[in-house]
Amino acid sequence: LAVAELGQAMQRHAATPWQAAPLLGGFAQAGAARPVLDPADRRRQVGEAVWATPEMADKALARAEAAAADWDALGAEARARILRRIADLYEENHTELMALAVREAGKTVGDALAEVREAIDFCRYYAARGAEIFADSQRMPGPTGERNELRHAGRGVFLCISPWNFPLAIFTGQIVAALMAGNAVLAKPAEQTGLMAAAAVRLMQRAGVPGEVLQLLPGDGAALGGRLVKDARVGGVAFTGSVETGQAINRALAARDGAVVPLIAETGGQNAMIVDSTALPEQVVQDVLISGFQSAGQRCSALRVLFLQEEVAGRTLEMLAGAMAELRVGDPGLLSTDVGPVIDEEARDLLLGHDKAMTNDGRLIARTPLGPDTEQGTFVAPAAFEIDSLNRLQSEVFGPFVHVVRYQANRLDRVVEAINASGYGLTLGIHSRIDSTVDYVIRRARVGNAYVNRNMIGAVVGVQPFGGEGLSGTGPKAGGPNYLKRFAVERVVSIDTTAAGGNASLMSLE
Ligand code: UN1
């Protein structure tokens with residue numbers, strides 16, 4: 001039934017395209033519309049998007065600044081109720097949101113479902129955590145005659161800059177965290193996924209988020225995003241995307257006159273999986289397929305470098321090549337599809353360039369053939385290459401490619417050193433049945449999320465707090481117990497309760 005409904009939602013919008021426009025104070029702004037094309041078939045227009053002008057960004061900032069205090073004063077429980085209502089509305093509208101994930105972002109049906117679920121999980125988890133952390137006041141211990149309270153408040157206006165690879169989940173996660181902490185939000189979605197962002201913001205406003213408190217600014221990353229991060233009215237930035245953009249935001253914030261504000265950044269990875277001779281080969285192959293090729297490898301958590309112990313490398317690669325030949329690459333709207341398109345022409349061309357360079361160097365191990373009807377889309381064939389060391393990869397290769405490096409059993413130390421030397425520190429997979437090996441790796445590898453004898457993507461909100469260190473991000477981890485705190489400031493109120501009269505009313509604040 002769900003699949004039939006999804007098909008209907010996709011057809012409905014073949015007739016009535018989706019729309020995105022800047023939303024200021026709850027009102028859509030007019031402007032020149034840009035066509036949004038389906039990554040699976042670039043002849044198919046799925047909607048159109050209007051980008052925000054610098055004047056709109058300026059107005060949005062002024063409105064947000066004016067609205068922040070009242071939103072904060074509403075209190076944590078009232079804000080948590082609105083977050084729960086957003087979750088309910090996402091649930092009611094899940095087929096529409098899934099259709100958008102498939103048609104605008106090229107997600108497979110399975111990934112689209114996971115996307116909507118994760119967004120809902122973020123709302124419910126942050127509502128629960130926020131109601132706890134941001135409860136009106138927390139009594140601190142102290143001497144008699146004095147009352148000390150720890151409170152939290154929003155930082156004012158928070159700027160949320162989100163990626164196209166999780167156009168609903170990460171977009172929503174950043175925004176509801178900032179809202180829950182009592183901030184007004186300016187949302188700058190990825191250029192490629194403005195339609196999903198607009199649909200999400202409309203639902204958030206229906207759930208009760210005031211138009212001034214959450215404003216949507218679709219537009220160019222460098223021009224619009226660059227302008228916003230320089231503005232002294234922005235009290236904090238949440239960013240998920242490339243390490244280069246994260247560093248540029250960091251520099252822009254540092255160069256600003258005025259207050260020092262936090263950057264919560266989740267950036268790329270050069271994620272490795274280590275497989276020793278005690279690993280179960282079938283499980284390894286299954287986990288490599290999921291970690292390397294699901295979502296066409298367009299996850300910052302995805303596997304990029306597979307370290308195979310020499311003794312098992314040949315057999316594992318043979319099995320991997322066999323399994324890769326069975327993957328189906330094609331229309332992400334079909335339930336039988338394993339790998340959909342990459343996001344756009346620019347991404348495809350970069351990846352094809354990498355494939356060509358690797359293949360010319362004689363490093364190709366296996367490549368999955370593209371399925372039928374892929375000529376008009378931005379598809380990239382999943383491939384595995386062999387390289388002599390992780391150093392060969394200068395930066396993150398954001399697509400369906402796995403690079404294999406063989407290692408000697410007695411040189412596991414070098415493997416861990418190479419992983420750490422990359423400077424990234426996001427996810428890591430280890431396949432081994434030897435506890436001391438697993439322990440050795442986990443104690444030394446500087447990564448945010450380590451996965452043992454399983455795949456290394458799909459961190460679950462509230463269960464596996466997600467995020468890296470080094471070049472991979474600043475923390476705190478998304479979907480974890482400490483994430484919300486960084487969006488708020490702490491305030492301590494100390495009251496002398498021995499004084500008569502005046503302080504009595506403050507004492508009843510409880
Ligand atoms: C990203 O790809 O930008 O665990 C981060 C996972 C996801 C990754 C999100 N939470 O696969």
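What you see is a predicted model; the values in this text were computed from it and never measured. All values below were derived from every heavy atom in this structure, side-chain atoms included, with hydrogens, water molecules and symmetry-related copies excluded.
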R79 side chain to L179 backbone, donor-acceptor under 3.5 Å: yes
Any chance NZ of K477 has more than 12 other-residue heavy atoms, nucleotides or ligands included, within less than 6.0 Å? yes
Would you say the side-chain atoms of T267 pair up with the backbone N or O of S472, donor to acceptor, closer than 3.5 Å? yes
Whether E490 and K485 form a salt bridge (side-chain N of Lys/Arg under 4.0 Å from carboxylate O of Asp/Glu) is what I want to check. no
Could you check, using the six-membered ring where one of them is a Trp, whether Y483 and Y126 have ring centers closer than 6.0 angstrom? yes
Is there a side-chain contact between H152 and V489 (heavy atoms, below 4.5 Å)? no
Could you grab the distance from atom CZ of R446 to atom CG of L428, nearest 0.5 Å is fine? 12.5 Å
Do the charged groups of E91 and R124 touch, with an N to O distance under 4.0 Å? yes
Is there side-chain contact between D38 and E104, with at least one heavy-atom pair below 4.5 Å? no
Nearest 0.5 angstrom please: F466 CZ to I457 CD1, how far? 10.0 Å
Is any side-chain heavy atom of V447 closer than 4.5 Å to a side-chain heavy atom of T427? no
Please test R103 against D331 for salt bridge (charged side-chain N to carboxylate O under 4.0 Å, His left out), starting from the C-alpha separation and ending with a verdict. CA-CA 10 Å; R103 285 294 162 239; D331 183 351; 3.6 Å; yes
Would a distance-only check, ignoring hydrogens and angles, find a side-chain to backbone donor-acceptor pair under 3.5 Å from D72 to A153? no
Between the side chain of S242 and the main-chain N/O of T245, is any donor-acceptor distance below 3.5 Å? yes
Residue pair N165 / Q298, side-chain donor-acceptor N/O under 3.5 Å: no
Does any N or O in the side chain of Q215 come within less than 3.5 Å of the main-chain N or O of A60, such that one atom is a donor and the other an acceptor? yes
CG-NZ distance between L224 and K188, expressed to the nearest 0.5 angstrom: 6.0 Å
Tell me, with the steps shown, if D121 and Y125 meet side-chain contact (heavy atoms from CB on, under 4.5 Å). CA-CA 6 Å; D121 288 349; Y125 179 70; 5.7 Å; no
Would you say the side-chain atoms of T108 pair up with the backbone N or O of D111, donor to acceptor, closer than 3.5 Å? yes
Decide whether a cation-pi geometry holds between K107 and F166; the criteria are a distance under 6.0 Å from NZ or CZ to the six-membered ring centre and an angle within 45° of the ring axis. yes
Return yes if some donor-acceptor pair links the side-chain N/O of N271 with the main-chain N/O of A302 below 3.5 Å, else return no. yes
Gap separating the CD1 atom of I86 from the CE atom of M204, nearest 0.5 angstrom: 5.5 Å
Option from L216, V209, V185 for which side-chain contact (heavy atoms from CB on, under 4.5 Å) with I175 holds: V185
Step-by-step side-chain contact (heavy atoms from CB on, under 4.5 Å) determination, Y451 to H431: CA-CA 9 Å; Y451 295 98; H431 271 277; over 6 Å; no
Give a yes or no answer on whether the side chain of K230 reaches the backbone of R256 with a donor-acceptor pair at less than 3.5 Å. no
Does R117 CZ have over 12 foreign heavy atoms under 6.0 Å away? no
Do the side chain of Q464 and the main chain of G462 share a donor and acceptor less than 3.5 angstrom apart? no
